[in-house]
Amino acid sequence: MTKLIKPSDAETTILNTLWELQPCSVKVIHESLSKARNVGYTTTLKQVQRMEEKGLVVREPGKGKSFNYRANVSEADTKSHLLDSFVATTFGDSVSELVMHALGNSETSEDEIKKIKQFIKELESNG
């Protein structure tokens, strides 16, 4: 089994862009990142290059002299790994503490509560 690499927050943001738009150029990644925060193009380029060195992304030929990038890690596996790590370190491995904290700190809509109840029913019927 391949060891999962824990991406940084900035790397996770880039991976989210790739999972949605891949394959894409650094220019497209940079434009996506720039919608949420002020980041320089060369900073984005360097971050993507570091991610390639770490094995988080792969590079492939694009148009002309450019390159496109793809995520080299599974979205589901990466998000599960990040969540498991967060729950372990922040909530002492207690999923119920995480859920109660999340629901207690925001205004949860009736629709969201219905979805949560349905999900719990599905979990109970599969267990």
Side-chain angles (χ1 to χ4, degrees):
M1 182 178 166
T2 305
K3 181 183 176 199
L4 289 175
I5 300 167
K6 182 179 177 187
S8 68
D9 290 347
E11 291 169 341
T12 302
T13 302
I14 291 170
L15 285 171
N16 278 319
T17 298
L18 288 172
W19 289 322
E20 181 182 343
L21 304 173
Q22 66 186 348
C24 58
S25 66
V26 172
K27 180 181 178 187
V28 171
I29 295 168
H30 179 256
E31 289 170 355
S32 177
L33 296 178
S34 295
K35 291 176 185 174
R37 61 186 174 150
N38 186 15
V39 60
Y41 177 85
T42 56
T43 301
T44 302
L45 173 62
K46 189 64 178 171
Q47 187 71 52
V48 172
Q49 290 171 335
R50 283 192 198 119
M51 291 174 71
E52 182 184 13
E53 291 170 8
K54 292 168 90 173
L56 291 169
V57 302
V58 292
R59 183 175 76 169
E60 57 190 40
K63 291 183 180 179
K65 295 181 181 180
S66 70
F67 292 96
N68 287 326
Y69 293 85
R70 289 185 176 277
N72 195 36
V73 291
S74 155
E75 180 177 9
D77 290 346
T78 301
K79 288 182 176 182
S80 289
H81 180 68
L82 289 170
L83 180 62
D84 290 347
S85 177
F86 176 73
V87 172
T89 58
T90 308
F91 294 98
D93 274 332
S94 173
V95 174
S96 63
E97 286 291 324
L98 167 70
V99 171
M100 289 186 287
H101 188 79
L103 293 176
N105 281 345
S106 64
E107 292 186 25
T108 309
S109 71
E110 288 297 320
D111 188 48
E112 289 173 314
I113 291 171
K114 286 179 187 177
K115 287 178 183 177
I116 292 166
K117 287 179 180 179
Q118 181 60 40
F119 182 72
I120 291 170
K121 284 181 186 177
E122 290 172 13
L123 287 175
E124 290 173 338
S125 67
N126 290 334

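- For CG of D111, the number of neighbouring non-hydrogen atoms (other residues, nucleotides, ligands) closer than 6.0 Å is greater than 12.
- The pair K35-E31 does not count as a salt bridge, with every side-chain nitrogen at least 4.0 angstrom from each carboxylate oxygen.
- At least one donor-acceptor pair closer than 3.5 Å links the side chain of H30 to the backbone N or O of Y41.
- In this structure a side-chain-to-backbone donor-acceptor pair under 3.5 Å is present from E11 to S8.
- In this structure, S32 OG and E20 CD are separated by 6.5 Å, a value rounded to the nearest 0.5 Å.
- Looking at heavy atoms from C-beta onward, R70 lies out of side-chain contact with V57 at the 4.5 angstrom threshold.
- Criterion: ILVMFWY side-chain heavy atoms under 4.5 Å apart, direct or through other members. Under it, L18 and I5 are part of a common hydrophobic cluster.
- Remark: K27 NZ to T44 OG1 distance equals 13.0 Å, nearest 0.5 Å.
- The two residues H81 and K6 have their closest heavy-atom pair at NE2-CB, 4.1 Å.
- Hydrophobic clustering of Ile, Leu, Val, Met, Phe, Trp and Tyr side chains at less than 4.5 Å, counting indirect connections, unites L33 with F67.
- Both L15 and V39 sit in one connected hydrophobic cluster of ILVMFWY residues. Membership requires side-chain heavy atoms under 4.5 Å apart, directly or through other members.
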side-chain contact (heavy atoms from CB on, under 4.5 Å) for Q47 and I14? Distances and angles first, verdict last. CA-CA 9 Å; Q47 187 71 52; I14 291 170; 3.4 Å; yes
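- A continuous path of hydrophobic side-chain contacts links W19 to M51 [ILVMFWY only; heavy atoms under 4.5 Å].
- The number of heavy atoms from other shown groups lying within 6.0 Å of NZ (K54) is above 12.
- Using a 4.5 Å heavy-atom threshold, the side chains of Y69 and V26 count as touching.
- Contact of the R59 side chain with the N68 side chain is not registered, since no non-hydrogen atoms from C-beta on lie closer than 4.5 Å.
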Could you go through residues 96-103 and list every donor-acceptor pair under 3.5 Å that involves a side-chain atom there, pairing it with any protein atom two or more places apart or in another chain?
{"residue": "S96", "atom": "OG", "partner": "S94", "partner atom": "OG", "Å": "3.2"}
{"residue": "H101", "atom": "NE2", "partner": "N105", "partner atom": "ND2", "Å": "2.8"}

